[in-house]
Chemist: 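Sending over a structure as structure tokens; questions will come in a sec.
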Amino acid sequence: MRGTTVWVAPSATAFSCLCEVCLESSRVGGMLFTDAMMVSTVRGAIGAEAEVTVARCASGHEIVVRRNERPPGLQRHDDRQLSIA
């Protein structure tokens with residue numbers, strides 16, 4: 001299985017995601033979903049000027065965090081979009 005790539009907004013300085021490798025391993029092992037989420041969660045920071053950073057989950061799997069501009073179809077604000085302050 002490939003590693004995990006996470007895309008964050010241009011202004012993001014922190015991230016929280018799931019390690020897909022750990023999540024799949026937990027699923028195959030029959031772990032309860034809530035327990036799998038707990039062991040798969042990865043949190044970290046990305047420098048304001050960095051375009052990409054690499055983090056590792058507790059098991060050592062690589063998590064690549066990349067900045068991304070808004071997709072062309074989402075350039076306009078839509079009240080239905082999730083807004084995280």
Side-chain angles (χ1 to χ4, degrees):
M1 178 178 261
R2 296 181 322 129
T4 302
T5 299
V6 177
W7 296 91
V8 296
S11 60
T13 56
F15 65 91
S16 179
C17 64
L18 297 175
C19 172
E20 293 176 2
V21 177
C22 288
L23 196 59
E24 178 64 10
S25 177
S26 298
R27 183 194 67 79
V28 169
M31 189 179 284
L32 292 174
F33 184 69
T34 53
D35 294 335
M37 295 272 298
M38 288 176 43
V39 300
S40 302
T41 298
V42 178
R43 291 183 177 90
I46 181 169
E49 301 301 318
E51 290 297 317
V52 64
T53 192
V54 175
R56 296 211 176 263
C57 71
S59 296
H61 302 119
E62 184 175 270
I63 311 293
V64 178
V65 181
R66 296 182 180 276
R67 293 195 185 280
N68 191 28
E69 295 296 325
R70 292 177 76 82
L74 292 177
Q75 291 299 327
R76 171 176 61 98
H77 176 73
D78 185 330
D79 289 332
R80 297 172 294 173
Q81 291 174 242
L82 175 63
S83 177
I84 300 174

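Just so it is clear, the structure is predicted and the values come from calculations on it, not from any experiment.
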Chemist: Mind checking the CD1-SG spacing from Ile63 to Cys19? Nearest 0.5 Å is all I need.
Modeler: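 Between atom CD1 of Ile63 and atom SG of Cys19 there are 4.0 Å.
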Chemist: Could you work out, with side chain to side chain contact (heavy atoms under 4.5 Å, CB included) as the rule, every residue matching Met37, not counting sequence neighbours?
Modeler: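 Scan of Met37 (side chain to side chain contact (heavy atoms under 4.5 Å, CB included), adjacent residues dropped) gives Leu18, Phe33.
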Chemist: Who are the side chain to side chain contact (heavy atoms under 4.5 Å, CB included) partners of Glu51, not counting sequence neighbours?
Modeler: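 Scan of Glu51 (side chain to side chain contact (heavy atoms under 4.5 Å, CB included), adjacent residues dropped) gives Arg67.
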Chemist: Do Thr5 and Arg66 have side-chain heavy atoms sitting under 4.5 Å apart?
Modeler: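 They are in side-chain contact.
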Chemist: To the nearest 0.5 Å, how far apart are CZ in Arg56 and CD in Glu62?
Modeler: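 The CD atom of Glu62 is 5.0 Å from CZ of Arg56, to the nearest 0.5 Å.
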Chemist: Identify the heavy atoms of Ser40 and Ala36 that sit nearest to each other, and give their distance.
Modeler: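 Between these two residues, the closest heavy atoms are OG-O, 2.7 Å.
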Chemist: For Ala45 versus Phe15, what's the shortest heavy-atom pair and its separation?
Modeler: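 Closest approach of Ala45 to Phe15, heavy atoms only: N-CE2, 3.6 Å.
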Chemist: Mind checking whether Val65 and Val42 sit in one hydrophobic cluster, side chains of I, L, V, M, F, W, Y counted as touching below 4.5 Å?
Modeler: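 Yes: a chain of side-chain contacts under 4.5 Å links Val65 to Val42.
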Chemist: According to a hydrophobic-cluster definition based on side-chain heavy atoms being under 4.5 Å apart (Ile, Leu, Val, Met, Phe, Trp, Tyr only), do Val6 and Ile46 belong together?
Modeler: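 Same cluster: Val6 reaches Ile46 through Ile, Leu, Val, Met, Phe, Trp or Tyr contacts under 4.5 Å.
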Chemist: With a 3.5 Å cut-off and sequence neighbours excluded, list the donor-acceptor pairs that the side chains of residues 25-32 form with protein atoms.
Modeler:
from  : atom 1 : to    : atom 2 : distance (Å)
Ser26 : OG     : Cys22 : O      : 2.9
Arg27 : NE     : Glu24 : OE1    : 3.0
Arg27 : NE     : Glu24 : OE2    : 3.4
Arg27 : NH2    : Glu24 : OE2    : 2.6

